[in-house]
Q: 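Quick one: this structure, given as structure tokens, is what I'll be asking you about.
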Amino acid sequence: MDVSWTLWVLTILGLCALISVDFLIGRKPHDVSIKEAGIWTIVWIVLAALFGIGLLVFGTSQASGEFFAGFITEKSLSVDNLFVFVLIMAKFSVPSHLQQRVLLVGVLIALVLRAIFIAAGAAIIASFSWVFYIFGAFLIYTAWKLIQEARSDDEEEEFEENRLLKSIENRFGVADRYHGTKLFIEKNGKRILTPLMVVMLAIGTTDVLFALDSIPAIFGLTQDPYIVFTANAFALMGLRQLYFLIGGLLRKLVHLSYGLSIILGFIGVKLVLHALHENGVHVPEISIPFSLTVICGVLIVTTITSLIASKKQAERDAAEGKDDQDKAEGKDSEGKADIEA
């Protein structure tokens, strides 16, 4: 898809306008209700759908299909990232009314960093076709790693700050408490960070690690930098509202890691096949419609099985709790009988 510089500029200006509206609406710190989060989640999804339809009308069906496949993939990977965002919020004890501000700025930082990653990835792919082998192998390895983590009984209960974040904290210093929406304060004549600034940096820089699998994944679906960037942008910009909407539902998606591992493994194989095809090897290539069907199918099945498994687990826990209560009441009755005797 040929994209002029004018279209690039208009797209970026349009995205900046949407981000500005989002920022103005959430400029006053407040607790985000389920209703508010639900409305804005729908708004962002509708905007993404309209953009994809626009690509179909004014571009090509392939460009539209690649955008939807990339958007759904990035969105599903972003949902998995919300687990880490929950840990970060807990680690820094972020007040509930400030969480939306943290996510807004953190996601904005992540969007800028991803744009840099996308530009670098596009340049590498344009110069070295063999990089598809590396991307494909990395995605297959990531898929295997996700399965290993999902099967492990050990759960990550606390967020660990990365080296970059620690170095920034040591360099500037951090206040011992939150100061409203302030990012810096003066203390003993020195300008230091507030915990709010630190947690924003934590959200933004941690997303760079997520980009290590999400960027190769979307390049496995399309090599068009314009589609890669816009799919990432729409997936990230609705992430803040999604955090508040499904925050309580995250722990019920117990099979999400399995679903994501299948998707990443599938795209990894697709990348390897594409690389072989580029090198003249006669192998079948996976089409975008088929990729979109597989991605959507895996996510639907994973969500259904997760909710069923969570419901059964809740019923077992309730039954065990009732048995423990009955035993406790039985012991109390025996104790009272012994006292009366």
Q: Is there a side-chain contact between Leu77 and Leu264 (heavy atoms, below 4.5 Å)?
A: yes

Q: Counting only heavy atoms from other residues, nucleotides and ligands, does the tally under 6.0 Å from CZ of Arg316 exceed 12?
A: yes

Q: Yes or no on side-chain contact (heavy atoms from CB on, under 4.5 Å) for Leu183 and Leu193, after CA distance, side-chain angles and deciding distance?
A: CA-CA 6 Å; Leu183 303 181; Leu193 306 174; over 6 Å; no

Q: Look at the side-chain heavy atoms of Ile, Leu, Val, Met, Phe, Trp and Tyr, link any pair under 4.5 Å apart, and say whether Phe71 and Leu47 land in one connected group.
A: yes

Q: Trp44 versus Leu18: any side-chain heavy-atom pair under 4.5 Å?
A: yes

Q: Minimum heavy-atom separation for Glu74 to Ala231, with atom names?
A: CB-O, 4.5 Å

Q: Which pair of heavy atoms, one from Lys270 and one from Gly220, lies closest together, and at what distance?
A: NZ-O, 2.9 Å

Q: Compute the ring centroids of Phe51 and Phe67, then answer whether they are less than 6.0 Å apart.
A: yes

Q: For Leu56, is there any backbone N or O sitting under 3.5 Å from a side-chain donor or acceptor partner on Ser61?
A: no

Q: So, for Ile192 and Phe172, which heavy atoms are closest and what is the spacing to 0.1 Å?
A: CG2-O, 3.3 Å

Q: Where do Ser76 and Ile263 come nearest, in terms of heavy atoms and distance?
A: OG-CD1, 4.5 Å

Q: After noting the C-alpha distance and the side-chain angles of Val298 and Val294, does the key distance pass the side-chain contact (heavy atoms from CB on, under 4.5 Å) rule?
A: CA-CA 6 Å; Val298 169; Val294 170; 4.2 Å; yes

Q: Can you find a heavy atom in the side chain of Tyr243 that is under 4.5 Å from one in the side chain of Met89?
A: yes

Q: Say you draw a straight line from NE2 of His274 to CG of Leu276; how long is it, rounded to the nearest 0.5 Å?
A: 10.5 Å

Q: Between Thr194 and His179 (side chain of the first, backbone of the second, donor and acceptor by atom type, cut-off under 3.5 Å), is there such a pair?
A: no

Q: Hey, does Val301 have a side-chain heavy atom less than 4.5 Å from the side chain of Ile304?
A: no

Q: For Lys75 versus Leu242, what's the shortest heavy-atom pair and its separation?
A: CE-CD2, 4.1 Å

Q: If you round to the nearest 0.5 Å, how far is CG of Leu271 from CG of Leu139?
A: 6.0 Å

Q: Measure the spacing between OG of Ser167 and CD of Glu169 and express it to the nearest 0.5 Å.
A: 8.5 Å

Q: Is it the case that one hydrophobic cluster holds both Phe132 and Val281, taking links as side-chain heavy atoms less than 4.5 Å apart, direct or via other members?
A: yes

Q: Using modelled atom types and a 3.5 Å cut-off, is there a donor and acceptor pairing between side-chain atoms of Ser64 and backbone atoms of Leu55?
A: no

Q: Say whether Phe92 and Ile185 are linked into one hydrophobic cluster, either directly or through other cluster members, by side-chain heavy-atom distances under 4.5 angstrom.
A: no

Q: Any chance you could measure Thr230, atom OG1, to Ile12, atom CD1, to the nearest 0.5 Å?
A: 11.0 Å

Q: Could you check whether any side-chain heavy atom of Tyr178 comes within less than 4.5 Å of a side-chain heavy atom of Pro195, counting everything from C-beta outward?
A: yes

Q: Judged by modelled atom types alone, do Gln241 and Thr41 share a side-chain donor-acceptor pair under 3.5 Å?
A: no

Q: I would like to know whether Lys182 and Met197 meet side-chain contact (heavy atoms from CB on, under 4.5 Å); could you show each step before the answer?
A: CA-CA 8 Å; Lys182 292 182 178 180; Met197 183 62 175; over 6 Å; no

Q: Can you confirm whether or not the ring centre of Tyr226 sits under 6.0 Å from the ring centre of Trp8?
A: yes

Q: Do Phe219 and Val228 touch side chain to side chain, with heavy atoms closer than 4.5 Å?
A: yes

Q: Say you draw a straight line from OH of Tyr258 to OG1 of Thr305; how long is it, rounded to the nearest 0.5 Å?
A: 10.5 Å

Q: Within this structure, what is the OG-NE2 distance for the pair Ser261 and His255, rounded to the nearest 0.5 Å?
A: 11.5 Å

Q: With the 4.5 Å side-chain cut-off for hydrophobic clustering, are Leu10 and Val3 part of the same group?
A: no

Q: After noting the C-alpha distance and the side-chain angles of Leu221 and Ile295, does the key distance pass the side-chain contact (heavy atoms from CB on, under 4.5 Å) rule?
A: CA-CA 11 Å; Leu221 298 170; Ile295 292 168; 4.2 Å; yes

Q: Can you see which heavy atom on Gln223 is nearest to which on Ile125, and at what distance?
A: CG-CG2, 4.3 Å

Q: In this structure, would Trp130 and Val269 fall into the same cluster of hydrophobic residues linked by side-chain contacts under 4.5 Å?
A: yes

Q: Would you call Ile218 and Thr73 a side-chain contact if the rule is heavy atoms closer than 4.5 Å?
A: no

Q: Just so I know, are the side chains of Leu98 and Thr181 near enough to count as touching, which here means a heavy-atom distance under 4.5 Å?
A: yes

Q: Name the orientation class of the two ring planes belonging to Phe290 and Phe266 (parallel below 30°, tilted from 30 to 60°, perpendicular beyond 60°).
A: tilted

